[in-house]
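Everything numeric here is computed off the predicted structure, so don't read it as measured data. Order of listing sets the numbers, starting from 1, for every ligand and every atom in it.
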Amino acid sequence: MRLNGEIPVGRGEEDGMDGEMNSLNYSIGGVGQKLTVGYALTSKKKRSFLQPKFLSLARSKGICFIAIDLNRPLADQGPFDIVLHKLLRKEWWDIIEDYRQKHPEVTVLDPPNAIQHLNNRQSMLQDVADLNLSDYHGKVGVPRQLVVKKDPSSIPYEVTKAGLKLPLVAKPLLVDGSAKSHELFLAYDEFSLSELEPPLVLQEFVNHVLLCLIVGGILFKIFIVGETITVVRRFSLPDVTNHELAKVDGVFRFPRVSCAAATADDAELDPSIAELPPRPLLERLVRELRLRLGIQLFNIDMIREIGSRDVFHVIDINYFPGYGKMPDYEHIFTDFLLSLVQNKYKKRPTT
Ligand SMILES: Nc1ncnc2c1ncn2[C@@H]1O[C@H](COP(=O)(O)OP(=O)(O)OP(=O)(O)O)[C@@H](O)[C@H]1O
Ligand SMILES: O=P(O)(O)O[C@H]1[C@H](O)[C@@H](O)[C@H](OP(=O)(O)O)[C@@H](OP(=O)(O)O)[C@H]1O
Ligand SMILES: [Mg+2]
Ligand SMILES: [Mg+2]
C-alpha cells in the first residue's frame, strides 16, 4: 500500500475517441521482451493515462502502445498481446466481445460484460453487499439504496415505503464515463426528489466526519491494478447534522468532490480520521471483488462510518479510473502488463 504524493494532470472535455490513428505508436526499446498493447480509449482518458513519463518507462521495458483504429476491423490490426479499452460508443461492446471470443490468446482488459456490471449503480455494489464482510478486521457494507427507473412522482411514496433515512444522495443509475453520469444531488426531503430525472439511485447519506470539521469528511480511494492495491485519501462532503436536516428542504446539486484536487494525503488530520482501513480487510475485499467481478482495473470509494474505527461503507466502484493520478502508476502499470504476459507463458505446457 503506497501513500505518495499525487501527480498533477489537467482535465479535458468528455467525449468519445478522436479520429487520430496510431499517434502514440512506439518502437520497442533495447530489451528482448516485446509486448504490444492496443488501446481504445476516450480522448480524455488518453490524455490522463498515456502520459509521456509512463510511455517512456513502458518503452524502456519493451512495451509498445498502439492506438486501435475504430474505422478498421479490429481483427486486421495488431497482433496485440493485450487490449486496453474504455469508450463511450455503444457499438464498441459488440466489437470487443466478438474479438475477445475469436482471440482468446489476447488479454482484453477488461471483459465487456463484467464492465457493464459496474456501469450500473444498482449492480455495482451488489457484490460488496453479498460478500457480507463483517468481523474480518472490520466490517464493510454498502449504504441502503433505492432504484427509481421512471415516474418521479412515486419517489416520496417509495422512499417512505423502503424506510430510507434522509438525507439521500441522488445519483444517475447508469455510469458511462460522461459528465452527466457524475451529476449528483443531495436531497434533504423526499418530495423535492420528484424534480429529478430518473433513472436514478437514491442512496442514504453516510455521515463520515468524526468532529465537525469545516473541510468535510475523508474518503479512501482504493486503486486496484491486478493484485496491487494503492490507497489515497481524498476530501469528501461534510456531515449533515440533524439541525440542518430539520431546517433545510430541497435538492442541491453538488460539485465533483473527492476528485484528485481534493487530495487529503498531505493534510494534517486527526489520526482517528486519517487511519487507513486495515490492510487485511482491503486485501480480502479486493480479492473477492476481483474474482466476483472478473475485473482487474478498478477503484473503490470507501468511507468510515462516523464514530467508528472499523465500520466502512463502499459507495462507488469505477472501472478504469483516473490512474494517471495514482502515485507511482507508471511502475505499477508496466509491471502489471508484463506480469500478464509472463503468467501466460508460465501456463503454457512445455512440449
Ligand atoms: N452515500 C454517501 N454518503 C456520503 N457521501 C457520499 C455518498 N455517496 C457519495 N458521496 C460523496 O459524493 C462523492 C461522489 O459520489 P460518487 O463517488 O458515488 O460519484 P461518482 O460520480 O461516481 O464519482 P467518481 O468520480 O469517483 O466516479 C463521493 O466521493 C463522496 O464524497
Ligand atoms: O481521478 P479522479 O479525480 O479520482 O476522478 C476520476 C473518476 O473517478 C473517473 O471516473 C474518471 O474516469 P472516466 O471519465 O473514464 O469515468 C477519471 O477520468 P480521467 O482518467 O480522464 O481523469 C477521473 O475523473
Ligand atoms: Mg466516486
Ligand atoms: Mg463513480
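- At least one heavy atom of F254 sits less than 4.0 Å from an atom of ligand 1.
- The contact set between ligand 1 and K221, taken as ligand atoms under 4.0 Å from a residue heavy atom, comprises 26 (O).
- For a threshold of 3.5 Å applied to N or O pairs, the pair formed by R121 and ligand 1 contains at least one separation below that value.
- Between the Mg ion (ligand 4) and N318 there is an N/O/S contact shorter than 2.8 Å.
- By the ring-ring contact (aromatic ring centres under 6.0 Å, His included) test, H137 is found to be paired with no residue, residues two or more places apart in sequence or in another chain being considered.
- Within the structure, salt bridge (charged side-chain N to carboxylate O under 4.0 Å, His left out) pairs that include any residue of residues 140-157 comprise R144-E204 (at least two apart or interchain).
- The residues K247 and E244 are annotated as not salt-bridged, no charged nitrogen and carboxylate oxygen being separated by less than 4.0 angstrom.
- Across all their heavy atoms, L219 and S236 have their closest contact at CB-CB, 4.0 Å.
- Every atom of ligand 1 is numbered from 1 in the order shown, and the set under 4.0 Å from a heavy atom of K171 is 8 (N), 9 (C), 16 (P), 18 (O).
- For atom 29 (O) of ligand 1, the nearest non-hydrogen atom from the set S236, A262, S258 comes from S258.
- Between L184 and ligand 1, not a single N/O pair is under 3.5 Å apart.
- Taking only non-hydrogen atoms, the option from R256, Q203, H182 nearest to atom 21 (O) of ligand 1 is H182.
- Hydrophobic clustering (side-chain heavy atoms under 4.5 Å, transitive across Ile, Leu, Val, Met, Phe, Trp, Tyr) groups L196 together with L146.
- Under a 4.0 angstrom heavy-atom cut-off, E183 registers as lying outside contact with ligand 1.
- For ligand 1, the atoms sitting less than 4.0 Å from at least one non-hydrogen atom of V257 are 12 (O), 13 (C), 31 (O), numbered in the order shown with element in parentheses.
- Between F65 and F49, the two ring planes are perpendicular [angle over 60°; tilted spans 30° to 60°].
- Between R121 and D316 there is a salt bridge, with a side-chain nitrogen of the basic residue lying less than 4.0 Å from a carboxylate oxygen of the acidic one.
- At a heavy-atom cutoff of 4.0 Å, ligand 1 is contacted by no atom of N207, backbone or side chain.
- Residue-ligand proximity, D301 to ligand 1, at heavy-atom distances under 4.0 Å covers atoms 17 (O), 26 (O).
- In summary, D301 and R234 do not engage in a salt bridge, as defined by a charged side-chain N under 4.0 Å from a carboxylate O.
- Between the Mg ion (ligand 4) and D301 there is no N/O/S contact shorter than 2.8 Å.
- The L219 neighbourhood of ligand 1 comprises atoms 28 (C), 29 (O), 30 (C), with distances under 4.0 Å to a heavy atom of that residue.
- Ionic pairing of E283 and R287 is not present here: no N-O contact between side-chain nitrogen and carboxylate oxygen is shorter than 4.0 angstrom.
- Contact annotation: E204 has at least one heavy atom less than 4.0 Å from an atom of ligand 1.
- Close approach of ligand 1 to I303 (heavy-atom distance below 4.0 Å) involves ligand atoms 3 (N), 4 (C).
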As a quick check of understanding, evaluate side chain to side chain donor-acceptor pair (under 3.5 Å) for Q122 and Q126, giving each step before the final call. CA-CA 7 Å; Q122 184 177 26; Q126 196 51 52; over 6 Å; no
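- For the Mg ion (ligand 3), the nearest N, O or S atom contributed by D316 is named OD2.
- When all heavy atoms are compared, the tightest approach of E275 to F220 is O-CZ, 3.3 Å.
- In this structure, R234 does not count as a contact residue of ligand 1, since none of its heavy atoms falls inside 4.0 Å of the ligand.
- The distance from ligand 1 to the heavy atoms of I315 drops below 4.0 Å at these ligand atoms: 1 (N), 2 (C), 6 (C), 7 (C), 8 (N), 9 (C), 10 (N), 18 (O), 28 (C), 30 (C).
- The nearest pair of heavy atoms linking F223 to V232 is CE1-CG2, 3.9 Å.
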